[in-house]
There are 2 protein chains.
Amino acid sequence: MKRKITLKQIARELDVSISTVSKALRNSKEISADTIQKVQAFAKLYNYRPNNIALSLKNRKTNTIGIIIPEIVHHFFSKVIRGVELVANQRGYNVIIGLSNESFSKEVINMEMLANGSIDGFILSMSKETLQQQDYHHYNETMNQGMPIVMFDRVVSDIRCDKVIVDDFNGAKNAVNKLIANKCKSIALITTRDYVSVGKLRTQGYIEALQEHHITPQAELILKMDDTLDYEVHLEKLEAEIEQLFKAHEKIDGVFAVNELYALSAMKVARKLGLNVPEDIQVIGFTDGVLSKHSTPSLTTVSQHAQQMGERAADLLIDKIESEFSTEEEQFQTIVINTELIERESTK
Amino acid sequence: MKRKITLKQIARELDVSISTVSKALRNSKEISADTIQKVQAFAKLYNYRPNNIALSLKNRKTNTIGIIIPEIVHHFFSKVIRGVELVANQRGYNVIIGLSNESFSKEVINMEMLANGSIDGFILSMSKETLQQQDYHHYNETMNQGMPIVMFDRVVSDIRCDKVIVDDFNGAKNAVNKLIANKCKSIALITTRDYVSVGKLRTQGYIEALQEHHITPQAELILKMDDTLDYEVHLEKLEAEIEQLFKAHEKIDGVFAVNELYALSAMKVARKLGLNVPEDIQVIGFTDGVLSKHSTPSLTTVSQHAQQMGERAADLLIDKIESEFSTEEEQFQTIVINTELIERESTK
DNA sequence: GAAAGTCACGAAAACGTTTTCGTGTTAAGA
DNA sequence: TCTTAACACGAAAACGTTTTCGTGACTTTC
């Protein structure tokens, strides 16, 4: 079990100086052809590779980007990671992950852990707790130290940085428009509480679609779930509330749900009540998940292009990292990713 | 936009030496109370944090572990990552990810990228291509350089390292036993080609369960799918083959599938053929996925405890990293994670 | 044959730490 | 008053690179 070989060891073996070895390996014209050949042969034999950490220290650059997300066991986020990793690798960067688990303190700890020189920049999506507490000091402190941040999906306008977001508003609007075009007369919305920006925007899209078609939004048709609990935990509660909603408003013939599970639950309850999807009631969800594709009936859904979000975020971040000129007045971009309505069996 | 402050800057400001600052921050008794107080106050004011990269270089230890997996948009793997991250963070380590995308060359490139000093050890699951080509030189080279490796799930006995695996054999056997106990007389197996070790073991479990109940396994009841294509791509082909199988053997009243999607497809085809699950045909899958829980009917499945696998793998790796004594003859462990049969609606 | 230039290489600094080993000053002991 | 010990601090090395700047030994030029 031998350690990795270093320049110093090569130098000693070949009885030259460290600088000579370093230069020879980089084909410097300061070094004679003889020496270059000798050094390179030796280095190859011992499989020399420059130590990354030493390079990082010297160059004050790690070629690593950090990504902090609330949860990894989640199709949306894992697809974003895939996108980030793809672009990062292509451009010579590694990706280091931190999970906030939707907790403010874990988010802060993770950021501090990585901000001390381990990475060149952050890609992150805020935890629910951070969104609730509206405490953004850790972002600002990190940026003040010259560490660029790109936020995605869950963002707030108070923070000045690059952002990549989904067009939640139009995604929702298009979905509801589709339901209206499909002759739905009474469309329910199943959503979460409003503190997460995306939920709010989707609700607005729903309302505006209705209004544009001269349908008055009715508060009774909007079901707001408390999602501070884990999805799975409050599944029964969810279904019970949906059932109550459906029973109270038998005329409901369309449902727009802000996520996959809510949509699936709606279909499940509908079936239980003897309603056929899509004949009696049509359902559209919002997500990139795997459930939609494989449910029966399969679910029409608003795709978020999660992987593309990750790719764009990574490009944005690396561009910023590599831009030599940090112009005095920084310009921040917000990239909006268009959604796509994927029609499946749950709509006509 | 000021850079992070360093010991040197503090030293200059306070007109003491770097060593004094360093010692003062660590409350060395070499330093007077006065100086300690002064330095710590200044450091706190400027929010000093030691540079991780410098520490890594000095200590020849990065406190980072690398995880290389074939795919991240996958419930099993993302749960493993969650487990790894949980334990790693608790024990003061970061996690850096690499995706092989089931490709041999990407696996090698990723490993080389991380092996050059960036991490202290690897946790990995082999790509399908690596399993097929049976070329393991990169693992051995990495380990020869003193970098510990823990493999999980997809392992081969040729490589001498710590391993965490699922008890695929008994998981499958228990599942089939369950079907037999539930009065299934003709049980089909839907599996993949055999080069992935886990597939082979699950097939063996199936066969042994049958044999122990004096049922002769029939080759015609075993459907081997070519999974070199992406799941989604060959979905129709899968369903067509299952349909053919069911039609050719109408007596089939039980199905054991080696993954979630195969099981779901079996249920889908059954429904199409007018068969009721579980009345006419019972189905069991093998996975930790999300589809099983939310399908209709929900799927009885063999849970792999993916998160626990990640946790155990991380503990194993960190133990090895931190064990000072690299005893001459290294001992390697293989931890077997027991499966658990989760009964849902697809079995009686 | 001396001045100038080329060649091939080495010394040293720098990145930011920690730690070992001095060393000068003061206080205590004889 | 002299020796010794305690105290408080600094210099320097080390981790593994890259790069700038010297510097001898030759070679060329007039």
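Each chain gets a letter, A, B and so on, in the order its sequence line appears, and its residues count up from 1. This one's a predicted model, so the numbers in the text were calculated from it and none came from an experiment.
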Review point. What's the CG-C1' distance between B/N27 and C/dT18, to the nearest Å?
Key: 15 Å

**Study point:** Phosphate-side-chain proximity, A/K8 and D/dC15, N/O vs OP1/OP2 below 4.0 Å
**Key:** yes

Practice item. Kindly point out which of D/dT17, C/dT18, C/dC9 is positioned nearest to the side chain of A/S32? Key: C/dC9

**Study point:** side-chain N/O A/S22 vs D/dT18 OP1/OP2, d < 4.0 Å
**Key:** yes

Check your understanding: So with a 6.0 Å cut-off around CG of B/N27, is the heavy-atom count from everything else above 12?
Key -> yes

Practice item. Ignoring the backbone of B/N51, work out which of C/dC15, C/dT18, C/dT17 is nearest its side chain. Key: C/dT17

Review point. Considering only heavy atoms and no angle criterion, is a donor-acceptor pair shorter than 3.5 Å present between the side chain of A/S19 and the base of C/dA11?
Key: yes

Point to revise | Phosphate-side-chain proximity, B/T35 and D/dC9, N/O vs OP1/OP2 below 4.0 Å | key: yes

Point to revise | Between P of D/dC9 and CG of B/L25, the distance in whole Å | key: 14 Å

Point to revise | Integer-rounded Å distance: C/dT18 P and B/L57 CG | key: 13 Å

Check your understanding: Expressed in angstrom and rounded to an integer, what is the separation of A/I5 atom CD1 from D/dC15 atom C1'?
Key -> 16 Å

**Study point:** OP1 or OP2 of D/dT19 under 4.0 Å from side-chain N/O of A/R26
**Key:** yes

Practice item. Start with the C-alpha gap between B/H138 and B/F104, add the side-chain angles, then the distance that decides, and say whether ring-ring contact (aromatic ring centres under 6.0 Å, His included) holds. Key: CA-CA 10 Å; B/H138 50 308; B/F104 173 76; 5.3 Å; yes

**Study point:** Side-chain donor/acceptor of B/K23 to base of D/dG10, under 3.5 Å
**Key:** yes

Exercise for review: Give one of base, sugar-phosphate or nothing for B/L55, where a contact means two heavy atoms less than 4.0 Å apart.
Suggested key: sugar-phosphate

Exercise for review: Would you mind reading off the distance between B/I18 atom CD1 and D/dC9 atom P, rounded to a whole angstrom?
Suggested key: 16 Å

Check your understanding: Is A/R82 salt-bridged to A/E311, cutoff N-O under 4.0 Å?
Key -> no

Check your understanding: For the side chain of A/V16, counting heavy atoms from C-beta on, which of D/dG16, C/dG10, C/dT17 is nearest?
Key -> C/dG10

Check your understanding: Do B/I165 and B/I335 pass the side-chain contact (heavy atoms from CB on, under 4.5 Å) test, and can you show the C-alpha distance, the side-chain angles, and the key distance before you say yes or no?
Key -> CA-CA 6 Å; B/I165 56 176; B/I335 294 181; over 6 Å; no

Practice item. Give the rounded distance in Å between these two atoms: CD1 of B/I31 and C1' of D/dG10. Key: 9 Å

Review point. Do B/R160 and B/I149 have side chains that get closer than 4.5 Å, going by heavy atoms?
Key: no

Review point. For B/R60 and D/dG16, is the shortest distance between a side-chain N/O and OP1 or OP2 below 4.0 Å?
Key: yes

Point to revise | Protein-nucleotide distance (A/N59, atom CG; D/dG16, atom C1'), rounded to Å | key: 12 Å

Review point. D/dA11 P sits how many Å from B/E30 CD, rounded?
Key: 14 Å

